[in-house]
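Worksheet for the structure shown next.
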Amino acid sequence: MAGRECPMRKICETLLSLLDRGEDAVLATIVAEEGSSPRGTGAQMLVSREGLAAGTIGGGAAEGAALELAERLLAEQRSALQSFRLRHDPKARENPVCGGDISVLLQFIGHEDRDWRDVTAALLARREARKQSWLVLRTDGGAPALLDKRGCVLAGVAEGISCAPASRALLENGLFLLPLSPGERAVIFGGGHCSRALAPLLETVGFRVTVFDDRPEFVTKERFPTAETLIAGDYLRISGYLTLTAADYVVVMTNGHQHDYEVEEQVLRGPLAYIGVIGSRTKTAYVNRRLREAGVPEEALRRVHSPIGTAIGAVTPEEIAVSIAGEMILERSRLRKEGEAHPCRPL
């Protein structure tokens, strides 16, 4: 379960693993915030008897206190809704200075809890199917539910749910509704050194990675163990292997100017969330000239981030990967803010 950039798949997989081993857990979720905080509403962490198992609600003193409380709740087999102060307190030994407060729901999950097992399994399945879901948590520690976009219950307990899904988290009438995105897809064209450094980094920040190369030996599970999809295909027939959408993030770093041109000439014909192309300004000017000659609109060319990445003086493949990931995170944050809707409406 995850809000915003929390590692949804990791938390779900870890929870199922704990339940399979007969271990209880506590899922801590920020359900409200006031002022500034390191993580926002919807951030989550999973706690086992050995401590933090996955995720984070921001670190620091507040997370430390939440971990201590979670350990007590595990021993007592109960849930709790607790506020944590992040404002300066001269009497406190540790003084957070974020200037806000957070309310955290700490949900006890027993190892025999069938509702939680069903909800977690259903969420993972919908993530693999690229379908958005909404997790419903009850502030009294009751059974969870998983909804689809129409508000239909996919798993868990439907009793008392009176809100339709919305695009942002909402706390209302003892229910916390958390939208869960399957994660934006990043399609990397080219399986070279920079791609190998970038793919696992993007996965850790919530992107679902596809790698496309015309050389089969460059798109193997050994080279890209964390990638969701690997495609060995013809750069001249991209649509024969995958369909790009306006929600996709495209990174072009093939092994030559010609392949870059072939990829860009196709993908720039439709809308994308982001497109970045590696290479020098000289290379970019050369490819852009050919793209104009091929009839690619000037407006489409202006959408291309090239040279790709934030300007951090990156040189090595690992540094270049960080600069690219940073630019993609920034663009994703901007698009998410633009896409925020109004609070959910009553059914």
Side-chain angles (χ1 to χ4, degrees), residues 184-205 207 209-219 223-224 226-227 230-239 241-242 244 246 248-335:
E184 291 82 356
R185 182 172 66 167
V187 181
I188 304 174
F189 289 95
H193 296 301
C194 291
S195 297
R196 289 189 72 182
L198 178 62
L201 182 56
L202 290 180
E203 196 275 336
T204 65
V205 294
F207 286 96
V209 176
T210 291
V211 183
F212 189 120
D213 200 297
D214 66 346
R215 301 163 294 178
E217 67 273 19
F218 276 73
V219 278
R223 289 177 63 83
F224 295 97
T226 63
L230 299 172
I231 300 173
D234 186 348
Y235 283 132
L236 291 172
R237 297 188 303 107
I238 293 172
S239 62
Y241 302 91
L242 80 163
L244 295 172
D248 288 324
Y249 292 66
V250 168
V251 176
V252 182
M253 34 192 186
T254 72
N255 60 325
H257 292 43
Q258 180 61 26
H259 288 326
D260 281 2
Y261 164 76
E262 292 165 355
V263 172
E264 288 186 71
E265 193 275 330
Q266 294 168 80
V267 303
L268 287 174
R269 302 290 184 179
L272 296 168
Y274 167 91
I275 177 170
V277 182
I278 199 168
S280 66
R281 297 188 186 279
T282 300
K283 172 195 164 184
T284 298
Y286 167 76
V287 173
N288 283 354
R289 177 176 59 79
R290 293 190 59 191
L291 291 170
R292 291 187 184 96
E293 292 171 354
V296 175
E298 197 67 31
E299 180 182 353
L301 293 178
R302 286 196 294 268
R303 300 202 319 262
V304 179
H305 295 256
S306 185
I308 195 172
T310 54
I312 59 173
V315 177
T316 67
E318 293 75 17
E319 292 172 344
I320 292 170
V322 170
S323 75
I324 296 172
E327 185 172 80
M328 292 173 68
I329 291 169
L330 180 62
E331 188 65 13
R332 180 177 65 181
S333 178
R334 183 185 69 80
L335 291 173

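The chain is numbered in sequence order, starting from 1.
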Hey, can you pull the donor-acceptor pairs under 3.5 Å for the side chains in residues 248-255, sequence neighbours left out?
from   : atom 1 : to     : atom 2 : distance (Å)
Asp248 : OD1    : Arg185 : NE     : 3.0
Asp248 : OD2    : Arg185 : NH2    : 2.7
Asp248 : OD2    : Thr245 : N      : 2.8
Asp248 : OD2    : Thr245 : OG1    : 3.4
Thr254 : OG1    : Gly256 : N      : 3.4
Thr254 : OG1    : Gly256 : O      : 3.1
Thr254 : OG1    : Asp260 : N      : 3.3
Thr254 : OG1    : Asp260 : OD1    : 2.5

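- Looking only at side-chain heavy atoms (C-beta outward), Thr284 and Val277 stay at 4.5 Å or farther from each other.
- Of the possible polar contacts, one joining the Gln266 side chain to the Tyr235 backbone as a donor-acceptor pair under 3.5 Å is found.
- Atoms CG and CD, from Leu236 and Glu265 in turn, are 9.5 Å apart once rounded to the nearest 0.5 Å.
- Within the structure, ring-ring contact (aromatic ring centres under 6.0 Å, His included) contacts touching residues 310-331 (residues at least two apart or in different chains) do not occur.
- With rounding to the nearest 0.5 angstrom, the CD1 atom of Ile275 is 4.5 Å from the CG atom of Leu268.
- Summarising the geometry of Val211 relative to Ala227, their closest heavy-atom pair is CG2-CB, 4.3 Å, with the distance given to 0.1 Å.
- Checking Glu262 against Gln258 by side-chain atom types alone, a donor-acceptor pair falls below 3.5 Å.
- Shortest non-hydrogen contact noted between Ser195 and Gly190 is OG-O, 2.5 Å.
- Atom CZ of Arg215 sits about 7.5 Å away from atom NE2 of His259, to the nearest 0.5 Å.
- Between the OG1 atom in Thr210 and the CG atom in Leu242 there is a gap of 7.0 Å [rounded to 0.5 Å].
- To the nearest 0.5 Å, atom CZ of residue Arg196 and atom CG of residue Leu198 are 13.0 Å apart.
- Within the 4.5 Å cutoff, no side-chain heavy atoms of Val296 are placed close to those of Glu264.
- Between Leu201 and Val322 there is a side-chain heavy-atom pair separated by less than 4.5 Å.
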Residues Asn288, Val304; criterion side-chain contact (heavy atoms from CB on, under 4.5 Å); working and verdict: CA-CA 10 Å; Asn288 283 354; Val304 179; 5.7 Å; no
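- Aromatic pair Tyr261/Tyr286: centroids not less than 6.0 angstrom apart.
- Under the 4.5 Å side-chain criterion, counting only non-hydrogen atoms from C-beta, Phe189 is in contact with Val267.
- The backbone N or O of Ile278 sits less than 3.5 Å from a side-chain atom of Lys283, completing a donor-acceptor pair.
- Taking both residues in full, the closest heavy atoms of Arg281 and Pro307 are given as NH1-CD, 3.6 Å, listed atom of the first, atom of the second, then distance.
- In terms of heavy-atom proximity, Glu319 sits nearest to Gly313 at OE1-O, 4.3 Å.
- For Arg290 and Glu293, the salt-bridge test fails: no basic side-chain N is under 4.0 Å from an acidic carboxylate O.
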Ignoring hydrogens and angles, write down the donor-acceptor pairs under 3.5 Å from the side chains of residues 323-330, residues two or more places apart or on other chains.
from   : atom 1 : to     : atom 2 : distance (Å)
Ser323 : OG     : Ile320 : O      : 2.8
Glu327 : OE1    : Tyr274 : OH     : 2.5
Glu327 : OE1    : Gly309 : N      : 3.1

Check the pair Val219 / Ile231 against side-chain contact (heavy atoms from CB on, under 4.5 Å), numbers first and verdict last. CA-CA 7 Å; Val219 278; Ile231 300 173; over 6 Å; no
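- Checked by atom type and distance alone, the side chain of Asp213 pairs as donor or acceptor with a backbone atom of Gly191 at under 3.5 Å.
- Paired with Glu298 under the rule salt bridge (charged side-chain N to carboxylate O under 4.0 Å, His left out), one option of Arg292, Arg289, Arg303 passes, and it is Arg292.
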